[in-house]
Engineer: 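Quick one: the structure is below, and I'll ask about it shortly.
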Protein chains: 2
Amino acid sequence: MTTHAKSPEDVPAEPTAKRLPSAVVARLTVYLRALNGFVAEGVERVSSEELADASGVSSATLRKDLSQLGSYGTRGVGYEVENLLQHLSAALGLTRDWRVAIVGAGNLGRALARYGGFETRGFEVVALLDTDPQIIGNEVGWLRVADAANLESIFKRTRANMAVLALPGSAAQQACDRVVAAGVRSILSFAPAILQVPRGVTLRKVDMATELQILAYHAQRGEAGGQTGEDEHGEPAAGTASA
Amino acid sequence: MTTHAKSPEDVPAEPTAKRLPSAVVARLTVYLRALNGFVAEGVERVSSEELADASGVSSATLRKDLSQLGSYGTRGVGYEVENLLQHLSAALGLTRDWRVAIVGAGNLGRALARYGGFETRGFEVVALLDTDPQIIGNEVGWLRVADAANLESIFKRTRANMAVLALPGSAAQQACDRVVAAGVRSILSFAPAILQVPRGVTLRKVDMATELQILAYHAQRGEAGGQTGEDEHGEPAAGTASA
DNA sequence: TAGATTGTTAATCGATTAACAATC
DNA sequence: TAGATTGTTAATCGATTAACAATC
C-alpha cells in the first residue's frame with residue numbers, strides 16, 4: 001500500500017489539513033476502536049448517537065469532531081462504518097507504513113515486541129535492540145535482539161520511522177538522542193525520565209507510576225469520577241459510566 | 001447565615017479539598033518528578049521559574065497550580081523542595097498505603113511486576129494473578145503467580161486496593177468486573193479494550209496502539225509539535241523542546 | 001412529504017496566560 | 001529599605017455543550 005495510487009477517488013479532497021486539537025486527535029483513536037467493534041459485529045451504518053455511546057462521548061462532541069475532518073455522514077441517515085473508518089484512518093495518517101523499532105529488550109521491551117496490538121493496527125515492529133551481550137541475539141517472537149551499538153545502521157536498514165524506548169531512566173536520554181540522530185521524529189517512551197527532544201520531534205510518554213499517582217488522587221478523595229483515558233490534555237477516553 | 005460559629009464560612013480553608021482539574025493533577029505528578037530530581041541534586045530551594053522550566057510548563061501555570069493546594073512558597077524567596085514535595089505527595093494521596101495487584105502474568109504483566117518504578121514511589125505490588133496453569137506458581141521477581149480463580153480471596157488477603165489489568169482485550173471486561181466486585185475502586189488497564197466500570201470506580205487506560213496512532217498523526221502532518229505526556233485532556237507533559 | 005439525523009452556529013464553560021499587588 | 005518572587009486577579013484563549021437549520 002505504499003504505492004501512489006492516484007486515481008481521483010483515492011485522493012481525498014483534504015488539503016484542508018487543519019491542525020486538529022490534541023483532544024480531538026485522542027478521541028479519533030477512540031472512535032476508530034469503536035468503529036472496528038462495529039465492523040466486527042457486521043454493523044454497516046451508525047448514527048452519531050450510537051457511535052458516541054460506544055465511544056463514551058456526547059453525540060455533540062462526536063459530530064463536532066468528525067465535522068472537522070469533513071462531511072462524511074448523511075443527514076437523516078448516519079455514517080457508513082467502513083467509509084468513516086477509512087477517513088479516520090487517513091486523517092490519523094494510518095495509511096502510511098509505520099515501522100517501529102523497540103530500543104531496550106528487557107522485560108518491557110520483550111513484552112512490547114510480542115504484543116499483538118501493533119500489527120493489527122498498521123504498525124510493524126521491525127527491530128528490537130539492546131546493549132546487554134546476554135540478551136543480544138536472543139529470539140523474541142519472530143525478531144532477534146540486535147546490538148544497540150549498531151543502532152544507526154539498523155534503523156537505516158529497517159527504515160524504522162518510529163521508536164519505542166523501553167529502557168531504564170538512566171539510559172533513556174542518550175538512547176533518545178541517538179534515535180533522533182538516526183532520523184526518527186516520533187518517539188514513544190516508557191522510560192521513567194523527563195526527556196529532551198529537539199523541535200520537530202514528537203515525544204510521547206507513558207509512565208506507570210504517573211498513572212498510579214493519578215489513580216491515587218482520585219481514590220483518596222471519594223473518587224466519584226468515572227474513567228479517563230490516556231492522552232494529552234487528558235481527554236476522557238473510552239468512557240462508560242457516563243450515566 | 002446563622003448565628004452559629006460553625007457555619008461553613010467559618011471553617012478554616014485548610015481541609016478544603018477542592019476538586020482539582022484533571023489537567024492540574026497530571027501536572028502535579030510532573031512537578032513531583034522534577035522535585036525528586038532537585039532532591040537528588042541536593043537543591044533545597046527552587047523558584048517557580050526553575051521548577052516550571054524543569055517541568056516543561058510556564059511559571060504562571062505552575063504558580064496557579066500550586067496555589068490551588070495552598071500557599072507553600074515564600075514571596076521573594078521561592079519554595080523549599082522538601083516541603084513542597086511533602087505537600088504535593090499529600091495532595092495526590094501518596095501518603096497512603098497503595099497495594100497493587102496485577103491481573104495477568106503474560107509478558108506485560110511479568111514486566112510490570114518486575115518494574116522497579118512502583119516501589120520507589122509508594123506503590124507496592126502485592127499479587128500477580130493468571131488463569132494459565134502453565135504460569136500459575138511461577139516466580140516472577142519476589143512474587144509467585146497466583147491462580148486468578150481465587151481472585152477475591154487473594155485481593156482480600158493482600159488487601160489490594162489498586163489493580164492493574166495486563167491481559168487480552170477479550171478477557172479484560174470479565175476480570176475488570178471481578179476486580180470491582182472485590183472492592184477495588186482504582187484500576188489501570190493495559191488491555192486493548194473499552195471497559196465499562198460502575199460509578200465510583202476510576203479506570204485509566206494505557207494503550208500502546210493509541211499512543212502510536214497519535215504519534216502517526218503528528219508525524220503525518222509536518223509534526224512541528226513538541227512533546228506531550230500521558231494523561232487526560234492531554235496536557236503537555238514533561239516537556240522540553242520549548243526553546 | 002414526513003421523519004430523522006447531520007453539520008454548524010451560538011452560548012457556556014474551563015483552562016491558560018499575563019500582569020501586578022502583596023509581602024518576604 | 002530594595003530586590004525578588006509569590007499568590008491572585010483579569011484577560012485571553014480554547015473546548016464542550018446545546019440547539020437548530022439544512023437536508024437526506
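Please read all numbers here as calculations on a predicted model, not as lab measurements. Order of the sequence lines fixes the chain letters, A, B, ..., with proteins taken first and strands second; residue numbering starts at 1 for each chain.
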Engineer: Is there a side-chain polar atom (N or O) of A/Arg45 under 4.0 Å from OP1 or OP2 of C/dT5?
Structural biologist: no
Engineer: I need the CG-P distance between A/Asn83 and C/dT6, as an integer number of Å.
Structural biologist: 14 Å
Engineer: Please report the interatomic distance CG(B/Asp53) to OG(B/Ser47), rounded to the nearest 0.5 Å.
Structural biologist: 8.0 Å
Engineer: Nearest whole Å is fine: how far is C/dG3 C1' from A/Glu49 CD?
Structural biologist: 16 Å
Engineer: Over how many whole Å does the gap from B/His87 atom NE2 to D/dG7 atom P extend?
Structural biologist: 11 Å
Engineer: The side chain of A/Ser48 is closest to which nucleotide in this list: D/dT8, C/dT6, C/dT23?
Structural biologist: C/dT6
Engineer: In terms of side-chain heavy atoms of A/Lys64, which of D/dG7, D/dT23, C/dT8 is nearest?
Structural biologist: C/dT8
Engineer: Can a donor-acceptor pair under 3.5 Å be found between the side-chain atoms of A/Arg63 and the base atoms of C/dG7?
Structural biologist: yes
Engineer: Has B/Glu80 got more than 12 heavy atoms of other residues, nucleotides or ligands less than 6.0 Å from its CD?
Structural biologist: no
Engineer: State whether A/Ser58 places a side-chain N or O below 4.0 Å from either non-bridging phosphate oxygen (OP1 or OP2) of D/dT17.
Structural biologist: yes
Engineer: When rounded to the nearest 0.5 angstrom, what distance separates CD in A/Glu211 from CG in B/Leu188?
Structural biologist: 5.5 Å
Engineer: Which of the following nucleotides, D/dA21, C/dA18, C/dA15, is nearest to the side chain of B/Ala60?
Structural biologist: C/dA18
Engineer: Going from CD on B/Glu124 to CG on B/Asn161, what distance comes out if it is rounded to the nearest 0.5 angstrom?
Structural biologist: 10.0 Å
Engineer: Once you apply the 3.5 Å cut-off to both distances, tell me the Watson-Crick or G-U wobble partner of D/dA15, or none.
Structural biologist: C/dT12
Engineer: For A/Glu80 and C/dT5, what is the distance between atoms CD and C1' respectively, to the nearest whole Å?
Structural biologist: 15 Å
Engineer: Rounded to the nearest Å, what distance is computed from the CG atom of residue B/Leu66 to the C1' atom of nucleotide C/dA15?
Structural biologist: 16 Å
Engineer: Would you say a side-chain N or O of A/Tyr72 is under 4.0 Å from OP1 or OP2 of C/dT5?
Structural biologist: no
Engineer: Has A/Thr61 got a side-chain N or O lying under 4.0 Å from the OP1 or OP2 atom of D/dT16?
Structural biologist: no
Engineer: Using a 3.5 Å distance criterion without hydrogens, assess whether the side chain of B/Ser189 forms a donor-acceptor pair with backbone atoms of B/Ala191.
Structural biologist: yes
Engineer: How long is the line joining CG of A/Asp65 and C1' of D/dA18, in whole Å?
Structural biologist: 15 Å
Engineer: The side chain of B/Tyr79 is closest to which nucleotide in this list: D/dT6, D/dT8, D/dA15?
Structural biologist: D/dT6
Engineer: Report the residue (A/Gly70 or B/Val77) whose heavy-atom-nearest nucleotide on DNA chain C is the more 5′ of the two.
Structural biologist: A/Gly70
Engineer: Working to the nearest 0.5 angstrom, can you tell me the gap between B/Arg19 CZ and A/His218 NE2?
Structural biologist: 6.5 Å
Engineer: Write down the distance between CZ (B/Arg75) and P (C/dT23), rounded to a whole number of angstrom.
Structural biologist: 6 Å
Engineer: Under a 3.5 Å limit for both distances, which nucleotide forms a Watson-Crick or G-U wobble pair with D/dC20, could you say?
Structural biologist: C/dG7
Engineer: Ignoring backbone atoms, test whether A/Arg27 places a side-chain nitrogen or oxygen under 4.0 Å from the OP1 or OP2 oxygen of D/dT16.
Structural biologist: yes
Engineer: Measure the distance from CD on B/Gln68 to P on D/dT8 and round it to the nearest whole Å.
Structural biologist: 10 Å
Engineer: Check every strand shown and say whether B/Ser47 touches a base, only sugar-phosphate, or nothing at a heavy-atom separation below 4.0 Å.
Structural biologist: sugar-phosphate
